[in-house]
Amino acid sequence: MHHDAPYAEQDEEQPLRVAIGFPEIGGMRKGVELPPAHEGTTSPSTAKPGQRLRVRYAKRGRMRFASHRDIARALERALRRASVPMAFSAGFSPHPKISYTGAAPTGVASEAEYLELTLAEERRPEQVRDAIDAAMPDGIDVIEVVQARTPGLNDRLQASLWRVELDGVDPDDVARAVAAYLAAENVEVERVTKKGRRRFDTRPAVLDIDVCRGPDGRGPEERHATYAILRMVVRHTTPAVRPDDVLTGLRRLTDLAPPSSPKMTRLAQGPLDEGTGAIADPFDADRTEAPSTESPESAHEETNDRRARAPRPSSSMTGPRR
């Protein structure tokens with residue numbers, strides 16, 4: 001592992017400060033010392049179908065600078081530390097069956113990242129959630145785990161709701177730039193991709209942009225004298241249109257250039273209602289297919305617990321205010 005990675009201080013040389021008793025994990029949380037993860041695999045390689053679980057997690061604070069590869073390594077270590085019975089691929093070099101969908105770019109925070117795990121043994125989703133969350137480094141928080149009861153999670157991730165904070169920029173100037181952007185038929189930008197420099201039109205992917213004023217939950221020490229907040233709904237297209245691409249388009253049209261790097265956060269991603277711009281929860285289909293085997297009281301408590309774990313900014317899956 002690279003020692004300049006954001007979670008390097010929590011590598012094997014200095015174990016994650018957590019403790020997990022899996023499968024009995026009641027009361028365990030981040031912040032208690034845990035022995036180092038065992039290297040290698042502890043589950044047999046298998047090609048058999050296993051239990052599929054879908055995970056929603058957030059990356060916050062300095063962990064937004066972690067690359068997708070960094071987070072994947074941290075997750076695999078967390079799964080070993082938590083003794084989650086992962087299913088492994090067959091072959092000469094087996095690896096845990098983990099499927100990632102639509103990861104946010106490096107440097108971007110997110111409240112709605114998704115992945116899918118395949119387990120070799122049955123476990124309760126809430127048990128797995130608590131175990132993985134306790135073993136992950138600070139800044140990577142597992143919000144919810146559900147049983148995969150329907151196919152096509154990736155197909156449900158049709159659009160994202162983004163918040164972009166622009167310090168040192170007058171909201172009126174931003175509003176004029178946004179109006180020009182939304183009025184344009186096409187707004188082409190260039191970005192370096194894995195296949196080289198590519199030019200593409202960002203306008204078809206952007207459903208709407210709203211300019212917000214006010215503190216938006218930020219403390220006085222975080223506020224500039226002037227700043228603006230954009231909330232935008234962006235369809236998932238090929239190539240992917242990212243919030244920084246939209247900012248590049250705003251700059252090309254109106255010379256809008258924030259004096260400092262904007263802070264970008266994905267608040268939600270899921271099925272898109274083209275008419276209203278609302279983004280639904282992609283786990284809804286899995287929840288509605290679940291058989292009802294618990295009392296209404298326990299189901300209500302679980303719903304409240306899930307809402308309490310979810311961060312405030314992403315609790316609303318709706319699009320920008322019109």
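Model, not experiment: these values are computed from the prediction. In this chain, residues are counted from 1 in sequence order.
Separating the CG atom in L161 from the OG1 atom in T265 is a distance of 10.5 Å, to the nearest 0.5 Å. To the nearest 0.5 Å, atom CG of residue L75 and atom OH of residue Y100 are 4.5 Å apart. L166 contributes atom CG, which lies 13.0 Å from atom NZ of K263 (distance to the nearest 0.5 angstrom). Atoms CD and CG, on Q269 and L157 in that order, are 4.5 Å from each other to the nearest 0.5 Å. Here R64 contributes atom CZ and S110 contributes atom OG; the two are 12.5 Å apart, rounded to the nearest 0.5 Å.
A heavy-atom distance below 4.5 Å is found between the side chains of V233 and I279. Between V211 and I229, every side-chain heavy-atom pair lies at or beyond the 4.5 Å cut-off. Using a 4.5 Å heavy-atom threshold, the side chains of P262 and E165 count as separate. A heavy-atom distance below 4.5 Å is found between the side chains of L250 and L230. Residues L117 and L119 meet the side-chain proximity criterion, which asks for heavy atoms closer than 4.5 Å. Using a 4.5 Å heavy-atom threshold, the side chains of P125 and V146 count as separate. The side-chain heavy atoms of Y57 and L115, taken from C-beta on, include a pair separated by under 4.5 Å. A heavy-atom distance below 4.5 Å is not found between the side chains of V55 and E116.
The side chain to side chain contact (heavy atoms under 4.5 Å, CB included) test with D141 is passed by exactly one of E111, R60, M136: R60. The side chain to side chain contact (heavy atoms under 4.5 Å, CB included) with L207 is formed by just one residue from the set L272, L182, V234; it is L272.
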**Q.** Step-by-step side-chain hydrogen bond (donor to acceptor under 3.5 Å, both in side chains) determination, T150 to R156
**A.** CA-CA 11 Å; T150 56; R156 295 179 217 164; 2.3 Å; yes
Q: Determine, step by step, whether H95 and F88 satisfy the ring pair (Phe, Tyr, Trp, His ring centres under 6.0 Å) criterion, reporting the C-alpha distance in whole Å, the side-chain angles of both residues, the deciding distance to 0.1 Å, and the verdict.
A: CA-CA 5 Å; H95 56 273; F88 281 73; 8.1 Å; no
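Not one N or O on the side chain of R80 forms a donor-acceptor pair closer than 3.5 Å with the backbone of S83. Side chain of D286 to backbone of A148: no donor-acceptor contact under 3.5 angstrom is found. Panel note: side chain R235, backbone P204; a donor-acceptor pair is recorded below 3.5 Å. Using a distance-only test at 3.5 Å, with no hydrogens or angles considered, no donor-acceptor pair links the side chain of T118 to the main chain of R52. Formation of a donor-acceptor pair under 3.5 Å by the R77 side chain with backbone atoms of A74 is not found in this model.
Counted by atom type alone, N154 and T101 present zero donor-acceptor pairs between their side chains at under 3.5 Å. Remark: the R266 side chain and the S160 side chain contain an N/O donor-acceptor pair separated by less than 3.5 Å. A donor-acceptor contact closer than 3.5 angstrom links the side chains of Y181 and T202.
Listed here is the closest heavy atom pair of S89 and P94: O-CB, 3.0 Å. Residues V108 and K59 approach most closely at O-CE, 2.8 Å, considering heavy atoms. In terms of heavy atoms, E76 sits closest to I98 at CG-CD1, 4.1 Å. Contact between V187 and D201 at its shortest, heavy atoms only, is N-OD1, 2.8 Å. Looking at every heavy atom in both residues, P259 comes nearest to D167 through CD-O, 3.3 Å. Closest heavy-atom contact between R56 and L267: NH2-O, 4.3 Å.
Comment: R287 engages E144 in a salt bridge, judged by a side-chain N to carboxylate O separation of less than 4.0 angstrom.
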Side-chain polar contacts of residues 240-249 - donor-acceptor pairs under 3.5 angstrom, sequence neighbours left out - could you list them?
unit_1, atom_1, unit_2, atom_2, d
R242, NE, D244, OD1, 3.2
R242, NH2, D244, OD2, 3.1
D245, OD1, R191, NE, 2.9
D245, OD2, R191, NE, 3.2
D245, OD2, R191, NH2, 2.8
D245, OD2, R242, N, 2.9
T248, OG1, D244, O, 2.9

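Partners of D172 under the salt bridge (charged side-chain N to carboxylate O under 4.0 Å, His left out) rule, at least two apart in sequence or in another chain, are R213. H236 is linked by a ring-ring contact (aromatic ring centres under 6.0 Å, His included) to nothing, counting only residues two or more places apart in sequence or in another chain. Taking the salt bridge (charged side-chain N to carboxylate O under 4.0 Å, His left out) definition, one finds that R252 meets it with nothing, sequence neighbours left out. The side chain to side chain donor-acceptor pair (under 3.5 Å) check on E122 picks up Q51, with sequence neighbours excluded. Residues satisfying the side chain to side chain donor-acceptor pair (under 3.5 Å) test with E190, not counting sequence neighbours, are R199.
Residues Y114 and F283 place their aromatic rings such that the two centres sit under 6.0 Å apart.
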